[in-house]
Amino acid sequence: MPNYDFDLLVIGAGSGGVRAARTAAGRGVKVAIIEDRYWGGTCVNVGCVPKKLYSYASHFAEDFKDAAGYGWTVSEPEFDWATLRDNQRNEILRLNGVYNRLLEGSGVQRIEGRGVVISAHEVQVGEQIYSAERLLIATGSWPYIPDFPGSELCLSSNEVFNLPEFPKRFLVYGGGYIATEFASIFKGLGAETTQVYRGDKILRGFDEEVRGFVQEEMQQHGVNFFLGREILRIDKHLNALAVTLSDGRTLEVDAVLCATGRRGNVENLGLENVGIKPNSLGEISIDANFCTQVPSIYALGDVTGGPQLTPVALAEAMTLVHNLYSEEENRVMDYSNIATAVFCHPNIGTVGVSEEEARKVYKNIRVYTTCFKPMRNTLSGNPSRCLMKLVVDAASDKVVGCHVVGPDAGELVQGIGIAVKAGLTKADFDATIGIHPTSAEELVTLRSVTRT
Ligand code: NDP
């Protein structure tokens, strides 16, 4: 066997790459990992982690208001962007250190720089060439910004966390996860917030009822929606941006966040040197064992075009390492029933199929819904409501979808995700005694069918 520098050479130290490197090293595999930007990748540096911190920050706006009905006198709260931004930065720096120590502690060699694949077993970083029996591409994804005049004036999610000034008038372009979360966050932090989306209802792909409900709730929280419109151009006017929409209207704002999807991060990766051709979305094609068309080169995570979610990349990494370096039988990654949350206000937690998908897949379904004012919102006078929904396959009685919109919906649906993954029935839900008084108990007390 040729004498390689490493058994496994990972390109990209994000969620998937780091997990693969660490777990492989833990099995005695000689591993190195190459990173040119952020140790910890998008999730830790410009994604899930700082986003959740900002989501917490923006929820305080509502909490201060709610406190009055519970007898608290709160003086007019003031928000300081610099404090939030800098505290967030320090926390991310701390996490970068944790990632580095975890890698070093597990015996993974860290290499800083852009890795360029030059052959089926070699990667060049600067002047240095490293060889390995296997290469793993885990370079993640990168924000995609459509091309229109002035699009270079847009922020992407890479920049939005560390803005020097807080934008008093904030415009978000897109209707997906990032756009909807950031519209909620900046509204909560006090910006006059507008969301522009080309479709007629945000969050395409989610349950229709959930989409409509969230949009209404966000509107009630003060987010302005311009739907069925695209951005035609953006012009810089002194300190403001003039955003012209496809209906001819011009909006003046301080910042525009373009959240129009993320594409595989494959630029200057040298894939052409080994004949790997990503598709137009920058996605690398792999087989069920994460192998590309080159037998020694593997890929996983966002760059392969699967669900762009950290827990998916982590699970893929562990499946790959198990299959490559364990004597046990190969595992197959199961992509069914992945629970997910959107941290907009109110939060969405969802697992399984939407009502619309269920109608296509199952012959007969039963849908149970409830929409109510959470107890916490009684004394406060907060008008926000909560939506809960179960979708049941009538033939098997299995709960095949659960959708929750309301406070901490992600926390709640993580637990329900186990029940749905385990294939539990509506009768199992009914036999479960609720925890009182909680909002979550509604999910085990839904008795009347709303629709079939
Ligand atoms: P999404 O795919 O969720 O949404 C992209 C949005 O941009 C859609 O509304 C889409 O419209 C719109 N769009 C795409 N192309 C254009 C265009 N050319 N012109 C105008 N609008 C366009 O991507 P995001 O960027 O929001 O997030 C990327 C991924 O990151 C998500 O899919 C998700 O997997 C992950 N993520 C997960 C989070 C979580 O778990 N909480 C949080 C944030 C991100 P249309 O619907 O019409 O196609």
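Heavy atoms only: backbone and side chains are in, while hydrogens, waters and symmetry mates are out. Counting starts at 1 for both ligands and their atoms, in listed order.
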For a quick check under 3.5 Å, do E62 and H221 share a side-chain donor-acceptor pair by atom type?
yes
As a check for students: among F148, Y177, F343, Y197, identify the option with a heavy atom nearest to atom 3 (O) of ligand 1.
Y177
Return a yes/no value for E181: is any of its N or O atoms, backbone included, closer than 3.5 angstrom to an N or O of ligand 1?
yes
Can you find a side-chain donor-acceptor pair between N224 and E192 that sits under 3.5 Å?
no
Please compare A259, G261, G175, S157 and report which has the shortest non-hydrogen distance to atom 23 (O) of ligand 1.
G261
Note the single closest protein heavy atom to atom 29 (C) of ligand 1, along with its residue, its atom name and the distance in Å.
Q308 OE1, 3.0 Å
Do the side-chain N and O atoms of K421 and S336 include a donor-acceptor pair separated by under 3.5 angstrom?
yes
Of the listed options (R198, Q195, R229, K51), which comes nearest to atom 19 (N) of ligand 1 when hydrogens are ignored and any heavy atom counts?
R198
Answer yes or no: is there a donor N or O on one side and an acceptor on the other, between the side chain of Y54 and the main chain of F161, under 3.5 Å?
yes
Can you say whether the rings of F186 and F170 are parallel (under 30°), tilted (30 to 60°) or perpendicular (over 60°)?
parallel
Between I202 and ligand 1, find which residue part has any heavy-atom pair under 4.0 Å and reply side chain, backbone, both or neither.
neither
Could you see which bit of A341 sits under 4.0 Å from ligand 1, with heavy atoms only: side chain, backbone, both or neither?
backbone
